[in-house]
Amino acid sequence: MAIDRLKYHGFRITMPRIQVIRTLARVERPLSAYGIHEEIVTNGGRIDVVSVYRILATLVEVGLVHHIGIVDGYIACRFEEEHPSQSQHVVCRVCGKVVELPLPSLISEETDKQLADIGFTNGITRVEILADCPDCQKNA
């Protein structure tokens, strides 16, 4: 799916892009650009950190990756349909695991209404929630 979406948006499929996509597809916790770089190099790949940053910018642009601001890391999008202007993530405050959830239409509609009331348009809604995952609740 990731390769098809990149092609659809006119991007070439390169080994560095594939390495970043595969790395993020394997993890449940957000990784920084340096963390992604380290994972790729540890697994025998070759890429520089600047390329990781550029690739992440492209992947965010086409909706394949989300930046999780609470932890300043990146995670692969878990939904097949594009949703570049809306995302909702629950981040475990203990272990850092991230789960992507659909953003309820009520939140999106209300946010758009509030933006319109103050004269803003084309809003991007990102919701990040800190909570405790089921595994961390068991271990508490």
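A 4.5 Å side-chain heavy-atom check between Val52 and Asp48 finds every atom pair outside the cut-off. In this structure the side chain of Ile129 never reaches within 4.5 angstrom of the side chain of His89, judged on heavy atoms. The shortest side-chain heavy-atom distance between Ile13 and Lys7 falls under the 4.5 Å cut-off. For the pair Tyr34 and Val49, the minimum side-chain heavy-atom distance is below 4.5 Å. In this structure, the side chains of Ile55 and Ile47 come closer than 4.5 Å at one or more pairs of heavy atoms. Side-chain contact between Gln88 and Glu100 is absent, with no heavy-atom pair separated by less than 4.5 Å. For the pair Val99 and Leu101, the minimum side-chain heavy-atom distance is below 4.5 Å. Counting heavy atoms from C-beta outward, Val98 and Arg29 have side chains that stay 4.5 Å or more apart.
Cluster membership for Leu106 and Val127, using ILVMFWY side-chain heavy atoms within less than 4.5 angstrom, is not shared. Under the 4.5 Å side-chain contact rule for hydrophobic residues, Val60 and Tyr53 do not share a cluster. A continuous path of hydrophobic side-chain contacts links Ile40 to Ile3 [ILVMFWY only; heavy atoms under 4.5 Å]. Residues Met1 and Val62 fall within the same hydrophobic cluster, defined by Ile, Leu, Val, Met, Phe, Trp and Tyr side chains chained together at heavy-atom separations under 4.5 Å. Following chains of ILVMFWY side-chain contacts shorter than 4.5 Å, one can reach Leu56 starting from Leu6, so the two form part of one hydrophobic cluster.
At least one donor-acceptor pair under 3.5 Å links the side chain of Gln137 to the backbone N or O of Asp132. Within the 3.5 Å criterion, the main-chain N or O of Arg54 finds a donor-acceptor partner in the side chain of Thr58.
Within a 6.0 Å sphere centred on CD of Glu38, other residues, nucleotides and ligands contribute 12 heavy atoms or fewer.
When the salt bridge (Lys or Arg N to Asp or Glu O under 4.0 Å) test is applied to Asp135, the partners found at least two apart in sequence or on another chain are Lys138. When the salt bridge (Lys or Arg N to Asp or Glu O under 4.0 Å) test is applied to Asp117, the partners found at least two apart in sequence or on another chain are Lys113.
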Could you pull out every donor-acceptor pair under 3.5 Å between side chains of residues 14-27 and any protein atom, sequence neighbours left out?
| from | atom 1 | to | atom 2 | distance (Å) |
| --- | --- | --- | --- | --- |
| Thr14 | OG1 | Arg17 | N | 3.3 |
| Arg17 | NH1 | Arg12 | O | 2.5 |
| Thr23 | OG1 | Gln19 | O | 2.8 |

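Side-chain contact of Asp72 with His67: a donor-acceptor pair under 3.5 Å is present, judged by distance alone.
With rounding to the nearest 0.5 angstrom, the CD1 atom of Ile36 is 8.0 Å from the OH atom of Tyr74. With values rounded to the nearest 0.5 angstrom, Leu115 atom CG is found 7.0 Å from Thr125 atom OG1. In this structure, the separation between CZ on Arg126 and CG on Leu103 is 11.5 Å, given to the nearest 0.5 Å. Put simply, CD on Gln114 and CD on Glu109 are 12.5 Å apart, with the number rounded to the nearest 0.5 Å.
Pairing each heavy atom of Cys133 with each of Cys92, the nearest pair is N-SG, 3.4 Å. Nearest heavy-atom pair across Gly69 and Glu128 is N-OE2, 2.8 Å. Closest of all the heavy-atom pairs between Pro30 and Ile75 is N-CD1, 4.0 Å.
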